[in-house]
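Read the numbers this way: they start at 1 and go in the same order the structure lists the ligands and their atoms. Quick note: numbers below take in every heavy atom, side chains included, and nothing from hydrogens, waters or symmetry partners. Remember, predicted model here, so these are calculated numbers, not experimental data.
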Amino acid sequence: MSTVFLEVLRQLSHDDFASGEHIARRLGCSRATINNAVREANEAGVAVHAVQGRGYRLAEPLDWLNPSALAGLLESAGFRFHYFERLPSTNTFLLDEARHGAPHRTLAVAEWQTEGRGRRGRSWLASLGNGLAFSLLWRSGRTAAELSGLSLAVGVILVRTLRGLGLAQSSVKWPNDILVEGKKLAGVLIELSGDMLGPSTAVIGVGLNLHGGDSLSRAVGQPVTDLSAHLGRVDRNAVFLALVRALDEGLARFEQGGFAAFRAEWNACHAYHEHTVDVLTGQDERISGQAVGVDDLGALLLETPSGVRRFHSGEVSLRGASS
Ligand code: BTN
């Protein structure tokens, strides 16, 4: 896809209607290029309407990030900030940067992430303007084993921030899905490197749906929601900044106290705390029991007829109990 595609959409964000000819003149390209860009926009899920005699118009306003304002604020707070209009994956980008020595608190955000990755090898979908996709590189003095509860701590930090933005019903589902009324709002992908005894590097990726939850539900075949469905119009830049600041503070707390410092709050935020749940293991085994909390490393404690069992997040997924 050409980069003209995003420039055309930016133009259409400023004007109510704009003719193909007008946009082509502004961007210094041909009328045919604009036609192609509009087709690409529609294919990418951004509806552009063409009205005879008036030109093109966005069906819904697009919510853009403001890279220069974000860079000013984040760089003055000490982050190394990378903004991309379009990027396959912010996590993949930062993993590569980390290997090349990128510093602690390097942050990458994509206006549009085209090959987002989720946990357990899944994809993370978000069309242009409909989500937030960003990753933070965190260099930790803790060993990789001590970071096993990090993803749960990040879940708590996100829930606390969302509640602060007015989303009182947000909760976490072990290990770190963010839910609202049983539907997925956000996910966290943490990728660690480092040896067992030494300092570690974590790339912490966060994907949050801002709009388009219904079409995502259809695309992924599970209940998905978005922030605007609960809060009305949201400011994408403000939500991004609130999440980054909260993560930065929370991760510093994790560095001091490990997951133990978050455990009680995590249990209080767990959507299934003291509920009967099914745990599905990698071997397709289904184990039912009561979720009775997590331990200091973030493992799920499940009370079963044969005693309390402990599950680590790489191995299993959790469901509300089947009836
Ligand atoms: C999940 O729930 O499966 C985790 C989803 C994590 C998605 C985020 S979006 C930003 C970062 N870059 C990626 O490729 N994935 C994470």
Side-chain angles (χ1 to χ4, degrees), residues 65 70 74 79 81-99 102 106-138 150-159 161-162 170-180 182-193 201-213 216-217 219-227 236 239-241 243-244 246-247 251 269-272 280 282 298 300 313-319:
L65 292 172
L70 291 173
L74 291 165
F79 291 94
F81 179 59
H82 296 271
Y83 163 86
F84 296 91
E85 285 213 309
R86 183 169 55 186
L87 188 72
S89 157
T90 54
N91 258 44
T92 305
F93 168 77
L94 273 194
L95 284 171
D96 195 47
E97 287 291 291
R99 277 191 291 274
T106 300
L107 182 62
V109 65
E111 190 74 72
W112 186 26
Q113 182 177 252
T114 52
E115 290 166 38
R117 296 187 290 108
R119 291 178 53 243
R120 302 162 71 82
R122 298 196 193 101
S123 306
W124 179 259
L125 304 180
S127 51
L128 179 65
N130 273 355
L132 272 176
F134 67 93
S135 304
L136 176 61
L137 171 58
W138 192 263
L150 178 64
S151 72
L152 283 82
V154 169
V156 173
I157 296 165
L158 297 182
V159 166
T161 311
L162 291 165
S170 58
S171 58
V172 65
K173 178 186 143 197
W174 186 84
N176 57 16
D177 283 351
I178 309 301
L179 304 184
V180 180
K183 298 179 178 181
K184 185 153 169 175
L185 174 72
V188 178
L189 175 67
I190 298 193
E191 296 180 283
L192 296 177
S193 55
T201 296
V203 170
I204 300 161
V206 177
L208 171 77
N209 307 318
L210 293 179
H211 312 278
L216 278 171
S217 296
V220 301
Q222 57 163 276
V224 176
T225 191
D226 61 73
L227 205 55
R236 195 160 169 240
V239 174
F240 172 57
L241 283 172
L243 293 174
V244 168
L247 273 175
L251 291 169
C269 291
H270 190 203
Y272 291 99
L280 306 181
L300 178 73
S313 62
E315 309 156 8
V316 291
S317 66
L318 175 146
R319 305 277 154 85

Check: [X] side chain, [Y] main-chain N or O, donor-acceptor pair, under 3.5 Å:
X    : Y    : answer
S89  : N91  : yes
D226 : N209 : no
W174 : L152 : no
T225 : L185 : no
K173 : L318 : yes

Which protein non-hydrogen atom lies closest to [atom], naming both residue and atom, and how far is it?
atom                    : answer
atom 10 (C) of ligand 1 : T90 OG1, 3.2 Å
atom 6 (C) of ligand 1  : R117 O, 3.6 Å
atom 12 (N) of ligand 1 : Q113 OE1, 3.0 Å
atom 3 (O) of ligand 1  : R119 N, 2.7 Å

Would you say W124 has any N or O atom under 3.5 Å from an N or O of ligand 1, going by distance alone?
no
Quick check: K184 and ligand 1, any N/O pair under 3.5 Å apart?
yes
Check each atom of ligand 1 against the heavy atoms of [X] and keep those under 4.0 Å away; list them by number with element.
X    : answer
G116 : 14 (O)
G118 : 1 (C), 3 (O), 4 (C), 5 (C)
F134 : 10 (C)

May I ask you to identify, for V188, whether its side chain, its backbone, both or neither come under 4.0 Å of ligand 1 on a heavy-atom basis?
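The backbone, only.
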What part of N176 sits under 4.0 Å from ligand 1 if we count only heavy atoms: the side chain, the backbone, both or neither?
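Neither part.
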Do the ring planes of F84 and F93 sit parallel (below 30°), tilted (30 to 60°) or perpendicular (above 60°)?
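Taking F93 first and then F84, their aromatic rings stand perpendicular (interplane angle over 60°).
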No-hydrogen, no-angle side-chain donor-acceptor test under 3.5 Å, R86 and T114
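Looking only at side-chain atoms, T114 and R86 do not form any donor-acceptor pair under 3.5 Å.
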Taking side chain as C-beta onward, heavy atoms only, is L251 less than 4.5 Å from V154?
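Side-chain contact under 4.5 Å: yes.
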